[in-house]
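The block underneath contains the structure these notes are about, expressed in structure tokens.
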Number of protein chains: 2
Amino acid sequence: MAVTIREVAERAGVSVATASRVLTGSRNVSVDLAERVNEAARVLGYRHNAVARALRRGRTNTIGMVVPEISNPFFPAIVESVERRLQMTGRDLLLCDAQQDPEIERKRIMALVDHQVDGLIIIPVSAKASHTALAEVSTRMPVVQVDRFVEEYAADWVGVDGSLGMSLAVEHVASLGATGIALVSATLDTSAGQQRHAGFERAMDRIGHPRDWPQLLGTFRAEWGRSAAAILLDGDRLPDAVVCGNDEIAIGVLGEFRRRHVHVPDDVLITGFDDIRFAALADPPLTTVRQPHEQLAAECIRLLDARAADPDTPVQRIAIAPTLVVRESTVGTP
Amino acid sequence: MAVTIREVAERAGVSVATASRVLTGSRNVSVDLAERVNEAARVLGYRHNAVARALRRGRTNTIGMVVPEISNPFFPAIVESVERRLQMTGRDLLLCDAQQDPEIERKRIMALVDHQVDGLIIIPVSAKASHTALAEVSTRMPVVQVDRFVEEYAADWVGVDGSLGMSLAVEHVASLGATGIALVSATLDTSAGQQRHAGFERAMDRIGHPRDWPQLLGTFRAEWGRSAAAILLDGDRLPDAVVCGNDEIAIGVLGEFRRRHVHVPDDVLITGFDDIRFAALADPPLTTVRQPHEQLAAECIRLLDARAADPDTPVQRIAIAPTLVVRESTVGTP
DNA sequence: AATGACAGGGTAAACGTTTACCCAACCATG
DNA sequence: CATGGTTGGGTAAACGTTTACCCTGTCATT
């Protein structure tokens, strides 16, 4: 068994209270006693038991996070930023994978509740189906949604302005002369899907181009990008540009176009969304809308801490403006 | 405050002991009492407090994991598999990022110790520098290394046979007629780097090709792949094949070659290692050595549980044979 | 009918901390 | 010299469970 504070106290010849006070610095202790305690702790290799501390203090110094799918390239980036930021304040991250399934998501959330995490960060699987679990848990502890949010429920959210991001992409390709612009994105069962779709439509209306190209909505995966590209290729003509709902889709589209000898950006322009690590490494490197993970993570934890400090703070939805990263999938090297 | 088992017991008109027995199923309880307890728990929305339970039971049902860098594409895949497998047995994952820094890694390991995790899964940052922290912690709890292992220390490990993997790659390109084969991999400060380098050399010896091409060792990142490719391109002739230490490097090499109009696989063959998600999406799709994450995760947890059950089980190093996935970076479509 | 096994209930200790509360000593102030 | 504040120490309760231990009643066996 590990060494306890009681053993430290005994060796130092003080009460456990004094030992605890020295070790946590919660109250002044005379210098000689403090030295004896520290020495004893050092010699014995004492490490405090975080479980016992958590039980007594009523907080675990642990934050729970549920993501739809860890291996999906965008999520690890945000998990990483969140984890680093938690480290700065000495907190730990309990990470759960929802396997894209709202039912599993619910169970994972409940497991985190059981673990008495001090707060919950969640990227909801579905705008609709994640509703009840989220509503239930947010009465018990601070909850912040990142990237996506559920419908019809007021809970803190921080993400990127998907609509604005899409506008950037659409206006960029339009400024390069594209008039026939197709959308390949994901179905509207996530807020990200909805926002990006809505942003696309608004931008198209604003620049006044006819919407005579299909809006293909599937999943946020490369496979769907491939299929959608095949659909476009099977038509009798190609759009000038394909604006994609995320980078993975765009990469799928790129792949299929390449396979069918359609040249990007000469024959068609392509944009992505997220700026995942691989976007810059694609062929051609992908013009995309960058999500600032560090900022997202920072705001997210700020929100969480604000709510923890005062559960009655008004609910906030923080939409950060994304930026466009122009690469060769739209402007090719001369 | 949350509902406690005491309140459940009161409402059901039984002792907390009985309530606990019903709720955990640890002993037989008469059906009517059991029903009353379950009903009371249901009505009150009782959830057990995992912290209190952990303190009493001496185990947290939580496993700690430290990875060098969450956003590095290979690691999330393995984290995901581990997390899923833990879910199956009702355990949770406390995930830490070492930020590629052995000192931070040490701190994270200690934080996990403090949290009383039941076991530790670690992908060590460095074969040398991670040694002491690992040695220290492995006396306190079950520890299993995945993917990489530290030098001079006998602790359980499960990973892929990097040497064999490299042989597969080398022999594959050799069988396609390549004789001038270059290696672009990472420095020897990780076991993965060492194994893959050694495997390359052994395979070259075995097939009897002269080793007259450089072995370029840098980091496991695409940037390094780019730089290394530039070095190769600046020579007066090109190798027949470039065998890379991982997929990211290979993707970097591909990118640089493409930029300099070297055609893959016509001018030069390229192989990667890991089979990350984007290997198949690269241009051309990357021939690579596949790491079976699911198996790695399964073995890893098996090992961890075995050591937890009996701390004196002999140390095991399990090397799983990887398989070669042939794609167009070596065999181009006709 | 005595005995023993067994089933099912409760009481209370224990897990390792932190901290409310109490107390003694000391010091400054009037 | 009495008073009151401050400083630094200890005692013990509390956090929410689980479980060792004890007790009582029932039933089968002799």
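In what follows, chains are A, B, ... by sequence order, proteins preceding strands, each numbered from 1.
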**Message:** Please evaluate residues A:E299 and A:R302 with respect to the criterion salt bridge (charged side-chain N to carboxylate O under 4.0 Å, His left out), reporting the C-alpha separation (whole Å), side-chain torsions for both, the decisive distance (0.1 Å), and the verdict.
**Reply:** CA-CA 5 Å; A:E299 286 300 310; A:R302 200 180 57 71; 2.8 Å; yes
Checklist entry - Please walk me through it: do B:E83 and A:R108 pass side-chain contact (heavy atoms from CB on, under 4.5 Å)? => result CA-CA 11 Å; B:E83 207 267 352; A:R108 306 312 291 145; 3.4 Å; yes
Taken to the nearest whole Å, CD/B:E10 to C1'/C:dG10 is 15 Å
Considering only heavy side-chain atoms of A:I5, the closest of D:dG9, C:dT17, C:dT11 is C:dT17
Heavy-atom nearest nucleotide on DNA chain C taken for B:A19 and for B:R57; more 5' hit belongs to B:A19
From the list A:L134, A:I123, A:I122, side chain to side chain contact (heavy atoms under 4.5 Å, CB included) partner of A:E105 resolves to A:I122
Let's test your reading of the model: under 3.5 Å, does the base of C:dG9 pair with the side chain of B:R27 as donor and acceptor?
yes
In whole angstroms, the gap separating P of C:dT18 from CG of A:N61 amounts to 12 Å
The answer to which of B:S26 and B:L55 contacts DNA chain D further toward the 5' end, by nearest nucleotide, is B:L55
Between CG of A:D118 and C1' of D:dC15 the distance, given in whole Å, is 15 Å
Result for 5'-nearest mapping on DNA chain C, choosing between B:V29 and B:A52, is B:V29
Considering only heavy side-chain atoms of A:R21, the closest of D:dG16, D:dT17, D:dG9 is D:dG9
In whole angstroms, the gap separating P of D:dC15 from CD of A:Q116 amounts to 13 Å
Side-chain atoms of B:R53 come closest, of D:dT17, C:dT11, D:dT11, to D:dT17
In short, B:L44 meets B:V3 closest at the heavy-atom pair O-CG2, 3.3 Å
C:dG16 phosphate, OP1 or OP2, under 4.0 Å from A:R6 side-chain N/O | no
Atom CG of A:L23 and atom C1' of C:dT18 are separated, to the nearest Å, by 12 Å
When rounded to whole Å, the CZ to P distance for the pair A:R59 and D:dA14 reads 23 Å
Between A:H293 and A:F74, what is the ring plane arrangement, given parallel below 30°, perpendicular above 60°, and tilted in between? tilted
* Quick one: label B:V51 by what it contacts on the DNA or RNA (base, sugar-phosphate, nothing), any heavy atom closer than 4.0 Å. => nothing
_Check this for me, if you would: do B:R36 and B:E39 make a salt bridge, where the nitrogen-to-carboxylate-oxygen distance has to be below 4.0 angstrom?_
no
Give a yes/no on whether any side-chain N or O of A:T18 is located under 4.0 angstrom from OP1 or OP2 of D:dG9. no
Atom CG of A:L33 and atom P of D:dT7 are separated, to the nearest Å, by 17 Å
Below 4.0 angstrom from OP1 or OP2 of C:dT18, is there any side-chain N or O of A:S20? yes
Rounded to whole Å, the NE2-C1' distance (A:H115 to D:dG16) equals 15 Å
ask   = With no angle test and no hydrogens, is the base of C:dT18 tied to the side chain of A:R56 by a donor-acceptor pair under 3.5 Å?
value = yes
At less than 4.0 Å, is any side-chain N or O atom of B:N28 found next to OP1 or OP2 of C:dG8? Yes or no.
yes
Exercise for the section: State whether B:S30 places a side-chain N or O below 4.0 Å from either non-bridging phosphate oxygen (OP1 or OP2) of C:dG9. Expected result: yes
